[in-house]
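Notes follow the structure.
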Amino acid sequence: MAIIHKATLSPSKLELIADYLPKQPWFIQEGEPELLGAYRFDDPAGEVGIETHVVSAGDRIYQVPLSYRGYELAGANDWLIGTMDHSVLGKRWVYDACADPVYIKALATAILTGQKEAEQFVDGESQPRPSTVSVQGTGMLDGGLPALSASAPVSGSGVTIIEAGSLRLKVNRVVEVAVDAAVNTAAAPELHTELALTGTWEGLENPVELASVIRD
């Protein structure tokens with residue numbers, strides 16, 4: 001489960017995202033980003049916050065995975081989005097989570113085992129807070145995960161590819177592009193989808209693919 005603190009953030013998450021998006025090759029500037037929802041994964045060690053935001057800008061929908069840390073992630077300076085002051089936890093380093101090994105393991109676990117998003121509990125409250133984005137992996141793995149490692153993610157054509165040791169992960173940055181590509185796998189066999197993470201949010205009738213394991 002994920003613990004949510006009642007806190008003031010400066011800058012806010014959306015402010016960080018709004019500054020980050022125009023610098024990305026997969027983003028097309030069409031108005032100010034608006035938050036559609038978010039979902040979290042759990043870090044079993046309780047050290048890293050893992051939250052993925054789904055935002056709209058113009059007619060497009062983007063997926064922005066973030067990781068929140070109380071210290072700098074070694075070797076990931078190129079993926080640092082910024083820092084924020086958290087009124088409960090203090091200074092937090094915010095990263096593009098595609099370069100964070102904790103996110104990579106959590107994403108792979110969800111896809112391969114059929115896991116859903118983490119339950120979110122506001123600190124001091126006994127009932128979980130409903131998630132504004134619901135996700136679930138399509139896999140049914142019962143055994144242990146394959147060996148994973150982190151490498152510099154590569155972005156282009158609306159997706160980010162993560163070479164994670166024995167797994168190759170695809171994170172859909174532009175949700176509409178990813179939906180079209182998933183339907184037309186014959187046109188891009190090198191990105192053939194095996195297992196996926198799908199998600200829904202308010203106003204969306206059918207689940208869409210948010211991430212997947214791919215093979216050559």
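What you see is a predicted model; the values in this text were computed from it and never measured.
Contact detail for G137 and L197: the closest heavy-atom pair is N-CD1, 3.7 Å. Among all heavy-atom pairs drawn from P65 and C98, the shortest one is CG-SG, 4.3 Å. Nearest approach of I81 to L16, heavy atoms of both residues: CG2-O, 4.0 Å. For T113 against T109, the heavy-atom pair with the smallest separation is OG1-O, 2.5 Å. The two residues L66 and A97 make their nearest non-hydrogen contact at C-CB, 3.6 Å. Between V133 and V135, the closest heavy-atom pair is CG1-CG1, 3.9 Å.
The distance from the CG atom of D142 to the CG atom of L112 is 11.5 Å, given to the nearest 0.5 Å. Note that CD of E163 and OG of S149 are 9.0 Å apart. Values are rounded to the nearest 0.5 Å. Rounding to the nearest 0.5 Å places CD of Q63 at 4.5 Å from CG of L210. The OG1 atom of T132 lies 9.0 Å from the CD atom of E117; values are rounded to the nearest 0.5 Å. Going from atom CD1 of I214 over to atom CG of L167 covers 10.5 Å, rounded to the nearest 0.5 Å. In this structure, the separation between CG on D96 and OH on Y20 is 3.5 Å, given to the nearest 0.5 Å.
Note on L73 and L89: separate hydrophobic clusters, where clusters join Ile, Leu, Val, Met, Phe, Trp and Tyr whose side-chain heavy atoms are under 4.5 Å apart, directly or indirectly. Under the 4.5 Å side-chain heavy-atom criterion for grouping Ile, Leu, Val, Met, Phe, Trp and Tyr, L141 is connected to L169 within one hydrophobic cluster. Note: the hydrophobic cluster containing L204 also contains I61 (ILVMFWY, side chain heavy atoms under 4.5 Å, direct or indirect links). Residue L148 is grouped with residue V213 when hydrophobic side chains (ILVMFWY) are merged at heavy-atom distances under 4.5 angstrom, including chains of intermediate members. A continuous path of Ile, Leu, Val, Met, Phe, Trp and Tyr side chains, each step under 4.5 Å between heavy atoms, connects Y71 with Y103, placing both in one hydrophobic cluster.
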Next item on the list: Report the C-alpha separation of I50 and D42 in whole Å, then their side-chain angles, then the decisive distance to 0.1 Å, and conclude whether the side-chain contact (heavy atoms from CB on, under 4.5 Å) test is met.
Entry: CA-CA 7 Å; I50 310 169; D42 181 44; over 6 Å; no

Next item on the list: Starting from the C-alpha separation in whole Å, work towards a yes-or-no answer on side-chain contact (heavy atoms from CB on, under 4.5 Å) for E72 and Y95.
Entry: CA-CA 9 Å; E72 294 183 69; Y95 289 91; 3.7 Å; yes

Notebook entry, point to check: Yes or no on side-chain contact (heavy atoms from CB on, under 4.5 Å) for V64 and T52, after CA distance, side-chain angles and deciding distance?
Noted result: CA-CA 6 Å; V64 185; T52 298; over 6 Å; no

Next item on the list: Would you sort out whether E30 and R60 count as a side-chain contact (heavy atoms from CB on, under 4.5 Å), showing the intermediate values?
Entry: CA-CA 8 Å; E30 292 182 342; R60 292 175 173 80; 2.8 Å; yes

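Without hydrogens or angle criteria, E15 side chain to I17 main chain gives no donor-acceptor distance under 3.5 Å. A donor-acceptor pair under 3.5 Å links the side-chain atoms of S166 to the main chain of A147, judged by distance alone. A donor-acceptor contact shorter than 3.5 Å links the side chain of N172 to the backbone of E209. No donor-acceptor distance shorter than 3.5 angstrom exists from the side chain of S131 to the backbone of Y39, with no hydrogens or angles considered. Between the side chain of Q136 and the backbone N or O of K116, no donor-acceptor pair lies under 3.5 Å.
The 12-atom threshold is not exceeded at NZ of K105, counting heavy atoms of other residues, nucleotides or ligands nearer than 6.0 Å. No more than 12 heavy atoms of other residues, nucleotides or ligands sit less than 6.0 Å from atom CD of E34. The neighbour count for Q29 CD, taken as heavy atoms of other residues, nucleotides or ligands under 6.0 Å away, is above 12.
Salt-bridge formation is not detected for the pair D43/R69: no Lys NZ or Arg NE/NH1/NH2 atom is positioned less than 4.0 Å from an Asp or Glu carboxylate oxygen.
Between F27 and Y62, the two ring planes are tilted [angle within 30° to 60°].
Applying the side chain to side chain contact (heavy atoms under 4.5 Å, CB included) test between V171 and each of V159, I161, L107 identifies L107 as the sole match.
Here V154 is tied to no hydrophobic group at all, with no ILVMFWY side chain closer than 4.5 Å.
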